[in-house]
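The next block holds one structure in the form of C-alpha cells; read it before the comments.
The structure presented is a predicted model; accordingly, all values stated were derived computationally and were not measured.
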Amino acid sequence: MNLFRLDASIRTEGSVSRALADTAEQAWLAEHPGAVVTRRDLGVEPLPGDAWTALARAVVDPTAPAPDEARELLDRLGTELLDADAFLFAVPLYNWNVPAQVKTWLDLILNHPRLGVHGDWPLKGKPAVLVLSRGGGYGPGTPKEGWDHATPYLRRILADVFGLDLHIAEAELTHAFWNPEMASLRGLAEESMKTGHEQAAEYGQRVARLIRA
C-alpha cells in the first residue's frame, strides 16, 4: 500500500497545510499500519523550471529534443504517481493562487505521456485528499470573494484532468493567528482550523477505507 504525499509550503515549522496533511496522513496510516508514504516536498526542494521549458519546447520543435535530465525527472515524477494507491496534496494559497513550485510540478506532470491531457487516465477513480490553507477569508460576502484562484484550479486538474476521487479539507483566516490587524477574526480562525483538522482526519480515514474496500 502506497500513499503519495505532496507538500508545497515554504514553511517547515508552523505550516498549516503541513499540519492538516499530518492529520490526514495519521488517519490513513491508522487504517494501513506500516504502509509506504512516498513524499515529494516542493517547498523544501522545488523543481527546476527549465525542465518544463525544455520538455515543452521539444513538443513544438522536434529538432530541439529535451535533455536527458529533464526526461528522467519527468519519468521519476510520473512513477511516483503511477505507483501510488492514494494521494495527499497539501497546498497553501500564495498570492491568491497555487504556489509557483506547485504550478511547475503540475506543468511537468501534464507533459507525461500517460498522465497528461492525452494520456489514458491511469489515476482515474483513485482516492485523494487535498488539504488547503488560506491566510485570509474568501467565502461569499467577504471583501475578497472570488480571489481564491487555487481551489478551483486544483479541483479542475486533480479531479477533472487526472480523474481522482477528490476530498477537500481546508482552513482559512490563518494569518489571524499572527497578524494584529486580524485579531478580531481569531475566533473564526480557530473554528476554521478545528474544522479543517476534523475534515482532514475524516477524509484520510475515508480514503484509506476506499482502498481497502
Seminar exercise, completed: Closest non-hydrogen atoms of Leu123 and Leu164, given as atom of the first, atom of the second and distance, are O-CD2, 3.6 Å

Exercise. In terms of hydrophobic clusters joined by side-chain contacts under 4.5 Å, are Val207 and Val131 together?
Worked result: yes

Exercise. Should Val98 and Trp105 count as side-chain neighbours, where that means a heavy-atom distance under 4.5 Å?
Worked result: no

Exercise. Would you say Thr151 and Leu132 make side-chain contact, with heavy atoms under 4.5 Å?
Worked result: yes

Seminar exercise, completed: Rounding to 0.5 Å, atoms CD1 (Ile109) and CG (Leu77) come to a distance of 4.5 Å

Exercise. Passes side chain to side chain contact (heavy atoms under 4.5 Å, CB included), Arg134 versus Glu170? Steps please.
Worked result: CA-CA 8 Å; Arg134 297 184 285 267; Glu170 51 198 341; 2.9 Å; yes

Could you list the donor-acceptor pairs under 3.5 angstrom formed between side-chain atoms of residues 152-163 and any protein atom two or more places apart in sequence or on another chain?
| from | atom 1 | to | atom 2 | distance (Å) |
| --- | --- | --- | --- | --- |
| Arg156 | NH1 | Asp160 | OD2 | 2.7 |

Problem set entry | Asp75 and Arg71 ion-paired at < 4.0 Å | no

Exercise. Does atom CG of Asp61 have more than 12 heavy-atom neighbours from other groups under 6.0 Å away?
Worked result: yes

Exercise. If you measure from CD on Glu172 to OG1 on Thr142, what distance do you get to the nearest 0.5 Å?
Worked result: 7.5 Å

Exercise. According to a 4.5 Å side-chain heavy-atom criterion applied to Ile, Leu, Val, Met, Phe, Trp and Tyr, with indirect links allowed, do Trp52 and Leu110 form part of one hydrophobic cluster?
Worked result: yes

For this session: Grab the two heavy atoms, one from Leu73 and one from Ala51, that are nearest each other, plus how far apart they are.
Result: CD2-CB, 3.9 Å

Exercise. Can you name the nearest heavy-atom pair linking Arg186 to Trp178, along with the distance?
Worked result: NH2-C, 4.5 Å

Seminar exercise, completed: Residue pairs meeting ring-ring contact (aromatic ring centres under 6.0 Å, His included), one or both in residues 184-204, sequence neighbours left out, come to His167-Tyr203

Problem set entry | Test salt bridge (Lys or Arg N to Asp or Glu O under 4.0 Å) applied to Glu25 and Arg39, step by step | CA-CA 11 Å; Glu25 179 183 327; Arg39 304 181 189 278; 2.7 Å; yes

Exercise. What is the minimum heavy-atom distance between Ala54 and Pro67, and which atoms define it?
Worked result: CB-CD, 3.6 Å

For this session: Using modelled atom types only, decide if a donor and an acceptor are shared between the side chain of Glu202 and the backbone of Glu198 within a distance under 3.5 Å.
Result: no

For this session: May I ask you to say whether Arg5 pairs ionically with Asp22, meaning some side-chain N is under 4.0 Å from a carboxylate O?
Result: yes

Problem set entry | Backbone N/O of Asn97 and side chain of Asn95: donor-acceptor pair under 3.5 Å | no

Problem set entry | Transitive ILVMFWY side-chain link Leu130 to Leu81, under 4.5 Å | yes

For this session: Please round to the nearest 0.5 Å and tell me the distance separating atom CG of Leu188 and atom CE of Met193.
Result: 13.0 Å

Please table the atom pairs, donor to acceptor, closer than 3.5 Å between any side-chain atom in residues 85-94 and protein atoms at least two apart or in another chain.
| from | atom 1 | to | atom 2 | distance (Å) |
| --- | --- | --- | --- | --- |
| Asp85 | OD2 | Asn2 | N | 2.8 |
| Tyr94 | OH | Ile10 | N | 3.1 |

Exercise. Are any of the side-chain heavy atoms of Arg40 and Leu42 separated by less than 4.5 Å?
Worked result: yes

Exercise. Are Phe177 and Leu20 joined in one hydrophobic group, where the rule is that I, L, V, M, F, W and Y side chains link up if heavy atoms are under 4.5 Å apart?
Worked result: yes

Exercise. Below 4.0 angstrom, N of the basic side chain to O of the carboxylate: do Glu190 and Lys194 qualify?
Worked result: no

Exercise. Atom CG of Leu3 and atom CE of Met1: how far apart are they, to the nearest 0.5 Å?
Worked result: 10.5 Å

Seminar exercise, completed: Rounded to the nearest 0.5 Å, the CG atom of Leu106 sits from the CG atom of Leu115 at a distance of 11.0 Å

Seminar exercise, completed: Note: Pro127 and Leu210 closest approach over all heavy atoms is CB-CD1, 4.0 Å

Problem set entry | Shared hydrophobic cluster, Tyr138 / Val102 (ILVMFWY, side-chain heavy atoms < 4.5 Å) | no

For this session: Before giving the answer on side chain to side chain contact (heavy atoms under 4.5 Å, CB included), spell out for Thr38 and Asp83 the whole-Å C-alpha distance, their side-chain angles and the decisive distance to 0.1 Å.
Result: CA-CA 9 Å; Thr38 299; Asp83 287 349; over 6 Å; no

Exercise. Donor-acceptor pair, Gln205 side chain versus Glu31 backbone, under 3.5 Å?
Worked result: no

Seminar exercise, completed: In terms of heavy-atom contacts, Ala21 and Asp7 come closest through CB-OD1, 4.3 Å

For this session: Please determine if Arg206 and Asp165 form a salt bridge, counting it only when a charged side-chain N lies under 4.0 Å from a carboxylate O.
Result: no

Problem set entry | OG1-CG distance between Thr79 and Leu74, expressed to the nearest 0.5 angstrom | 9.0 Å

